[in-house]
Student: 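The structure follows.
Each chain gets a letter, A, B and so on, in the order its sequence line appears, and its residues count up from 1.
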2 protein chains.
Amino acid sequence: MDLSERSREILRAIIQSYISTAEPVGSRTVTKRYNLGISPATVRNIMSDLEDLGFLAQPHTSAGRVPTDKAYRFYIDTMLDVKSLPRQQEEEILNYPLRRGDFHQLMQETTKLLSALSHYTGIVMAPKPAETVYRHMEFVRLTGGRALAIFVSNAGIVHNRMIVFDEDLTQKELERISAFLNHEMAGKTLRDMRSRVFQLMEDDKNKYTRLLMKFMKLWQDASYEGEEAGEAELFVGGLSEMFNIPDFRDYEKMKELFIAFEEKHKLLKLLDLAMEAEGVQVYIGSENKYFEMQGISLVVASYRGEGNVVGTLGVIGPSRMPYNTVIPLVDCTARVLGRLISER
Amino acid sequence: MDLSERSREILRAIIQSYISTAEPVGSRTVTKRYNLGISPATVRNIMSDLEDLGFLAQPHTSAGRVPTDKAYRFYIDTMLDVKSLPRQQEEEILNYPLRRGDFHQLMQETTKLLSALSHYTGIVMAPKPAETVYRHMEFVRLTGGRALAIFVSNAGIVHNRMIVFDEDLTQKELERISAFLNHEMAGKTLRDMRSRVFQLMEDDKNKYTRLLMKFMKLWQDASYEGEEAGEAELFVGGLSEMFNIPDFRDYEKMKELFIAFEEKHKLLKLLDLAMEAEGVQVYIGSENKYFEMQGISLVVASYRGEGNVVGTLGVIGPSRMPYNTVIPLVDCTARVLGRLISER
DNA sequence: TATTAGCACTCTACGGGATTGAGTGCTAAA
DNA sequence: TTTAGCACTCAATCCCGTAGAGTGCTAATA
């Protein structure tokens, strides 16, 4: 992968040209638009080499050349100097009129922000119930042997889940359980709580045991079902932006894309994966096995809430994306969302 | 609007043919496919009359004819005998594996059910917070002078809203407010509660007054903002089905459609309107001013929860829809959802 | 030896007929 | 009143021919 300086320059020129025009780039174009003091014929020779190396591809014989996924990867890793977000755009993010009546709305609005500023589609993965630290929990008795478990995080995120009993519990009993759990579980995630409760039940034959046992059994069933389903919620905004991208000006392609969008669990898998890494991640085309689509890239970053990484957000667009502006945009948005969550 | 029996038959034949093939219908087709004992020439004369009356239109001179919105309206109002749902499809609805971990999920899954069985796009409008009768309410204190108001309905629907105080309230004080409201407000909607509280504050100088006053003021601001934003939540499922409909096999049309889908407040207005009426409603093409799109119809029905109408759901598809199956499908789904909510 | 000019070649996109086929409207006969 | 017959219309399709963009190769050049 050791290209000569000149080859790199030409590759960069081709990528940049393609990013801005969406048209295959020919040798003449390169010499005309980027003053490299080199003739088209020379460029052609080098382009041919780059094609052999897998950086470029030709849609057909008499067309110009187009960067491959490999080229984008190389470009992002070695040739891109991501400037921090220009002051003006940072202002735009901060001034974006985010409605945040409740947490759901905040998530949804953030996708719109991402979409509006990038002109692509914005996605946000909400914090996962199982990994959230709750401040408060509460059980509300409903009719028909059912109760609702409600969990509130420090950040004001509310999760709830239905629990079905086969015997009737009074609201009083439920309140005793809540009080006990609230006291015992401060600062723990749902996942931790679950194991802690089981442990308690082993150790300590306290008076809550029978109820708790029953309760936790049911709860486990309920949350297991949730985890199967992907658990974390995915928000998508600005889908229609996809129709403005010349790369996808094709009915069949678009259909494929929208079908992929409906398989949210795959996207969630990918976003989940991105939580591991620090900073902004870029997934190009078929680099990831969960949202593998020709010509499509994701730029994602994890965001924090109360210190911990709790979710991810990002942008879906063509691989032909102006990464130098999109990357800092996603980065900045992730930080802003993190701040909004933490100060709630 | 008094058509002869024969004209009606021909109109019906044309509409049915167009619904099943999506191709403009010519006079020969009518005589061939529907045995009316009449020659193409005669059919042509009648078709010409129907066109003058505004029931048919020609895409171009040498094409067959296509029903207008007026024709669909006439068809639905006077010629459609909606059979109740065939046993088999009712089974399909009842057996559909609806995940319902929480209320959100139930709503989302219902859109998928509608979409899967109709092969169009399913929509569900969730119950509006302001008009829901709550069983339980709760205020949870967060950091930074904020509190979260949580409301739980009989059906297990959870709504929440952030409230920002400029002074710090203890959790104890919040609990006293909750207890008071819970006691005072049983069986009232949020909207009713609001006015009731204001009335109480006038009448009665009880010990909660100062806090309550403060609280209600803030709360009002918060909920006002919510109403502005449309308040009710809209769920959409099966968007990609739109790509399978030959009527919309056009990039620009599709773009227009998806932009319309993103303006959820307009759709919500329409669905809100449909809550007034009993039974299944059909909105054809430009009949409604909120989701006015050439060639698109909505079939919607309101659903009940605990006796009252609380929301609406339905299907969006081409005007060229097999109404005789879609209408009972929507109807049945609305009833099933109502039952699921009420028995929660 | 590396670069470049020149040229033949390839392939797509576009536009202009010509053709086909579906369907109509009109007229005259039944 | 209905119908057969016929001329007419129009979109869709196919079939070129041409223009244009771009390449690869070769031979000349610095």
Student: Under 4.0 angstrom, heavy atoms only, what part of the nucleic acid is Ala41(A) near: base, sugar-phosphate, or nothing?
Tutor: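 Contact class for Ala41(A): base.
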Student: Could you give the CG-to-C1' distance, from Asn45(B) to dG25(C), as a whole number of Å?
Tutor: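 These atoms are roughly 9 Å apart.
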Student: Please give, in whole Å, the distance from dG23(C) C1' to Glu51(B) CD?
Tutor: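 Computing the Glu51(B):CD to dG23(C):C1' distance gives 12 Å.
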Student: Could you tell me how far apart Leu56(B) (CG) and dG25(C) (P) are, to the nearest whole angstrom?
Tutor: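 Between P of dG25(C) and CG of Leu56(B): 11 Å.
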Student: Taking atom P of dG21(C) as reference, at what distance in whole Å does atom CD of Glu23(B) sit?
Tutor: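 Rounding to the nearest Å, CD of Glu23(B) and P of dG21(C) are 17 Å apart.
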Student: Is the shortest side-chain N to carboxylate O distance from Arg73(B) to Asp69(B) below 4.0 Å?
Tutor: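 Salt bridge absent between Arg73(B) and Asp69(B).
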Student: Indicate, with a heavy-atom threshold strictly under 4.0 Å, whether Arg65(A) touches base, sugar-phosphate, or nothing.
Tutor: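 Sugar-phosphate contact only.
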Student: Between dC11(C), dG22(D), dT2(D), which nucleotide has the shortest distance from any of its atoms to the side chain of Thr29(A)?
Tutor: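 The closest nucleotide is dG22(D).
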Student: Please report the distance, rounded to the nearest Å, between CZ in Arg28(B) and P in dG25(C).
Tutor: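 Taking CZ of Arg28(B) and P of dG25(C), I get 16 Å after rounding.
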Student: Starting at atom CZ of Arg33(B), determine the distance to atom C1' of dG23(C), rounded to an integer number of angstrom.
Tutor: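 Taking CZ of Arg33(B) and C1' of dG23(C), I get 15 Å after rounding.
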Student: Between dT2(D), dT3(D), dA22(C), which nucleotide has the shortest distance from any of its atoms to the side chain of Ser62(B)?
Tutor: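 Taking heavy atoms from C-beta onward, the closest nucleotide is dA22(C).
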Student: Of all the nucleotides listed (dG25(C), dG6(C), dT4(C)), which has the minimum atom distance to the side chain of Arg44(A)?
Tutor: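 Side chain of Arg44(A) sits closest to dG6(C).
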Student: Whole angstrom is fine here: how far is it from CG in Leu50(A) over to P in dG24(D)?
Tutor: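 Result: 12 Å.
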Student: For Glu51(B), run the salt bridge (charged side-chain N to carboxylate O under 4.0 Å, His left out) check against Arg65(B), Lys70(B), Arg44(B) and tell me which one passes.
Tutor: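 So the option named by the test is Arg65(B).
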Student: Between the main-chain N or O of Phe243(B) and the side-chain N or O of Tyr251(A), is there a donor-acceptor pair closer than 3.5 Å?
Tutor: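 Judged by distance alone, yes, a pair lies under 3.5 Å.
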Student: Are OP1 or OP2 of dT3(D) and a side-chain N or O of Thr42(B) less than 4.0 angstrom apart?
Tutor: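 Indeed, a polar side-chain atom of Thr42(B) lies that close.
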Student: Do the two ring centres, one from Phe291(B) and one from Tyr283(B), sit under 6.0 Å apart?
Tutor: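 Judged by ring-centre distance (under 6.0 Å), Phe291(B) and Tyr283(B) do not meet the cut-off.
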Student: Using the six-membered ring of Tyr290(B), assess whether NZ or CZ of Lys266(B) lies under 6.0 Å from its centre and within 45 degrees of the ring axis.
Tutor: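 So Lys266(B) doesn't make the cation-pi contact.
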Student: With DNA chain D as reference, determine whether Pro40(B) or Ser48(A) sits nearer its 5' end, using the nearest nucleotide of each.
Tutor: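 Result of the comparison: Pro40(B).
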Student: Tell me which nucleotide among dG25(C), dT4(C), dT9(D) gets nearest to the side chain of Thr61(B).
Tutor: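 The answer is dT9(D).
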Student: Write down the distance between CD (Gln58(A)) and C1' (dG22(D)), rounded to a whole number of angstrom.
Tutor: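 Rounded to the whole Å, the gap is 8 Å.
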